[in-house]
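For reference, the structure I am asking about is given below.
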Amino acid sequence: MSCSILHPGLLTTIQDGGRRGYQQAGVVVSGPLDALALRVGNLLVGNPTSAAGLEITLLGPKIRFESDHLLAVTGADLSATLNGEPLPLHRAVAVTRGCELAFGPPRAGCRAYLAVSGGLAVPMVLGSQATYLRAGIGGLEGRALRAGDRVPATGPTPAGRRVHQQLLSRQLGRAWAAASWFPDPQLTPAPTASPTVRAVWGPEYGQFTPESQAAFWRAEFTVTPQSDRMGYRLAGPPLRRHTDLEILSSAVTFGTVQVPAAGSPIVLLADHQTTGGYPRLAQVITADFGKLAQVPPGGHLHFQEVSLAEAHYWYLHQEKTLLHLQRGLALLSSR
Amino acid sequence: MDHLPQSNPATPPVQLYPLGDAALVLQFDDVISEATHRHIQAVARLFDQHPFPGLVEYVPAFTTLTVYYDPWVISQAGRHDPYQSAVAAVQHLLGQVQAAAPEAVTELVEIPVCYGGSFGPDLGTVAQHTGLTPSEVIALHTTPEYVVYMIGFAPGFPYLGGMPEHLATPRKTEPRPLVPAGSVGIAGRQTGVYSLPTPGGWQLIGRTPRRLFTPEATPPSLLRAGQRLRFVAISEEEFQCQQHEL
């Protein structure tokens with residue numbers, strides 16, 4: 001069970017639910033930037049939500065499947081095709097050996113995910129298969145995929161195998177077939193060009209001047225090209241503190257908006273360092289990490305202030321909706 | 001909440017505040033001190049011994065311990081408020097800690113360092129800035145027992161306390177594009193060891209053959225918060241030998 005990378009795309013890495021438990025050793029969590037998209041993809045192919053798949057950035061790879069697979073492509077619309085025909089997003093798709101998955105120009109968003117039933121068979125490093133490029137660990141040899149790589153797959157889960165058979169038995173003679181069912185659209189929001197991302201106050205919010213606080217919630221920010229899986233550097237109005245109180249390094253996390261002295265904020269993402277010494281102005285809510293992940297370099301975003309209770313409401317709402325999808329799919333694949 | 005933790009009256013009360021919707025910060029003090037550090041270590045040990053459902057992990061720092069929780073698990077699938085549930089679980093544990101209790105004997109880790117030469121290209125700069133000779137810089141740097149306050153910035157990178165103030169030297173004005181792993185440096189009043197090859201602006205005074213981060217090892221980081229550390233000067237021959245042994 002494997003697939004061959006004919007062309008690697010701009011930045012294609014193996015990611016799973018992330019590396020938890022080693023932040024006290026300075027090891028970052030990593031994992032997908034749009035975790036919701038990979039989790040939905042995994043459920044569609046009968047995997048645990050944290051299984052390893054591919055994170056595909058802006059310009060996608062070309063991949064040949066060397067055996068039959070059940071897969072799903074979720075997240076950004078990067079003009080995915082199978083054997084040259086348009087591939088529907090957010091669907092379970094049964095492919096046969098020799099099928100080629102390719103991508104074209106980005107249409108909406110910038111990070112797509114390929115989930116494969118059974119997950120990928122790369123080694124666990126510190127309990128995770130996620131690629132952390134800076135330390136060169138996880139994934140395939142700790143690096144982004146290259147042309148000529150063979151990515152080993154574990155082989156479909158029992159549920160994935162049943163769905164694969166169901167789909168292809170209805171489409172005799174075809175090389176691939178997509179399911180007609182799809183998840184609750186709440187779980188697969190179409191990436192918007194200039195999203196509003198909800199955030200709560202960060203621990204040092206009160207150290208910023210009232211003008212800077214207001215500007216942060218009002219202004220449009222641009223994601224600069226100096227952005228990567230570690231974080232987005234944003235351009236917008238300069239944000240200032242009313243104090244020069246020293247900040248002692250403390251934990252930072254996915255979604256932390258920190259502001260260096262020059263005044264331009266940085267939003268940290270999955271490969272964020274474990275601790276930082278810049279003031280933390282705000283914290284993007286977990287339910288909106290996907291929206292954040294889909295803003296391309298040069299794209300824009302706004303921040304909207306919400307309470308911690310609202311953040312938790314939307315967190316729990318997302319988990320419940322995922323649970324409904326999981327239960328629905330269990331019924332489907334047991335038929 | 002009818003039961004608030006009674007910590008040792010000698011220590012200020014622990015402040016709790018959120019870091020987003022999945023983490024809770026325990027702030028023990030506003031300034032760095034060994035007493036605060038020991039208090040944080042004592043609480044961290046309690047988390048190790050009595051992890052509560054929904055505890056994901058924790059990150060100790062100079063004056064804080066940040067606790068990551070899973071809002072779904074800790075709220076019992078949304079039946080309770082996640083933040084209040086996390087606060088209650090943490091306060092329950094804080095109530096059990098013997099604040100500033102004398103630490104069980106802490107481990108002393110020796111880090112061999114080859115000072116100067118191509119391994120420590122900024123030893124001369126530090127000597128010049130501090131008005132010492134290079135040998136005096138080495139003697140002073142190898143004297144104290146340092147405290148590993150926290151690991152952060154990069155995998156295995158230690159923030160150390162205890163450098164003699166006389167050695168304080170500002171960072172380089174232009175960072176180097178690539179600092180080799182194992183480089184020992186000084187930045188302001190801090191000293192540390194680069195755990196991975198990265199760009200960096202610290203004044204490099206030497207290099208250790210020990211690996212500070214080994215992803216295949218358990219634990220992956222040679223150092224952890226709470227340990228004590230001493231630098232030991234070695235020759236270039238010893239450096240080469242020790243590197244081959246690793």
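The sequence lines fix the lettering, A, B, ..., with proteins before strands; numbering per chain opens at 1.
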Review point. Is it true that a side-chain atom of A/Gln283 and a backbone atom of B/Asp21 form a donor plus acceptor pair closer than 3.5 Å?
Key: no
Practice item. Measure B/Tyr58 against the heavy atoms of chain A and call it side chain, backbone, both or neither at under 4.5 Å. Key: both
Check your understanding: Contact part of B/Pro219 toward chain A, heavy-atom cut-off under 4.5 Å: side chain, backbone, both or neither?
Key -> neither
Exercise for review: Under 4.5 Å heavy-atom distance to chain A, tell me which part of B/Ala44 shows up: side chain, backbone, both or neither.
Suggested key: neither
Check your understanding: OG1 of A/Thr275 to CZ of B/Phe62: how many Å apart, nearest 0.5 Å?
Key -> 8.0 Å
Review point. Under 6.0 Å from the CZ atom of B/Phe47, do we count more than 12 heavy atoms belonging to anything else shown?
Key: yes
Check your understanding: Is there side-chain contact between A/Ile137 and B/Pro155, with at least one heavy-atom pair below 4.5 Å?
Key -> no
Check your understanding: To the nearest 0.5 Å, what is the distance between CE (B/Met150) and OG1 (A/Thr274)?
Key -> 6.5 Å
Check your understanding: Are B/Phe153 and A/Ser249 side-chain neighbours, meaning at least one heavy-atom pair lies under 4.5 Å?
Key -> no
Check your understanding: Relative to chain B, which segment of A/Arg280 carries a heavy atom at a distance below 4.5 Å: side chain, backbone, both, or neither?
Key -> side chain
**Study point:** A/Val28, part contacting chain B, at a heavy-atom distance under 4.5 Å
**Key:** neither
Practice item. Report the distance from atom CZ of B/Arg79 to atom CG of A/Leu316, rounding to the nearest 0.5 Å. Key: 11.5 Å
Point to revise | A/Leu245 versus chain B, the contacting section by heavy-atom distance below 4.5 Å | key: neither
Check your understanding: Is chain A contacted by the side chain of B/Ala225, its backbone, both, or neither, given a heavy-atom distance below 4.5 Å?
Key -> neither
Review point. Who wins among A/Arg20, A/Arg134, A/Gln273 for the most heavy-atom pairs under 4.5 Å with chain B?
Key: A/Arg20
Practice item. Please look at B/Ser75 and chain A and tell me whether the side chain, the backbone, both or neither of the residue comes under 4.5 angstrom of a heavy atom of that chain. Key: side chain
Exercise for review: Heavy-atom pairs under 4.5 Å with chain B are the metric here; pick the option from A/Leu323, A/Thr253, A/Val27 that has the most.
Suggested key: A/Thr253
Check your understanding: For A/Tyr132, is it the side chain, the backbone, both or neither that has a heavy atom under 4.5 Å from a heavy atom of chain B?
Key -> side chain
Check your understanding: Going by heavy atoms in the side chains, are A/Pro203 and B/Leu19 under 4.5 Å from each other?
Key -> yes
Check your understanding: So how far is it from B/Tyr68 OH to A/Phe254 CZ, rounded to the nearest 0.5 Å?
Key -> 12.0 Å
Exercise for review: Provide the closest heavy-atom pair for A/Ser250 versus B/Thr66 in the form atom of the first, atom of the second, distance.
Suggested key: OG-OG1, 4.1 Å
Review point. B/Ser195 versus chain A, heavy atoms under 4.5 Å apart: side chain, backbone, both or neither?
Key: neither
Check your understanding: So which of A/Glu319, A/His312, A/His272 has the biggest tally of heavy-atom pairs under 4.5 Å with chain B?
Key -> A/His312
Review point. Are more than 12 heavy atoms from other residues, nucleotides or ligands located less than 6.0 Å from atom CD of B/Glu174?
Key: no
Review point. Considering residues, nucleotides and ligands other than A/Arg198, do more than 12 of their heavy atoms fall under 6.0 Å from its CZ?
Key: yes
Practice item. Can you tell which part of A/Val306 gets under 4.5 Å to a heavy atom of chain B, answering side chain, backbone, both or neither? Key: neither
Check your understanding: Tell me, do B/Pro18 and A/Val200 make a side-chain contact under 4.5 Å, heavy atoms counted?
Key -> no
Review point. Are there more than 12 heavy atoms of other residues, nucleotides or ligands under 6.0 Å from atom CG of B/Asp48?
Key: yes
Practice item. Sort A/Val125 into side chain, backbone, both or neither according to what part of it lies under 4.5 angstrom from a heavy atom of chain B. Key: side chain
Practice item. Could you tell me whether the side chain of A/Gln23 and the main chain of B/Glu57 form a donor-acceptor pair under 3.5 Å? Key: no
**Study point:** Proximity breakdown for B/Tyr149 and chain A, heavy-atom pairs closer than 4.5 Å
**Key:** neither
Exercise for review: Answer yes or no: is there a side-chain heavy-atom contact under 4.5 Å between A/Tyr315 and B/Asp70?
Suggested key: yes
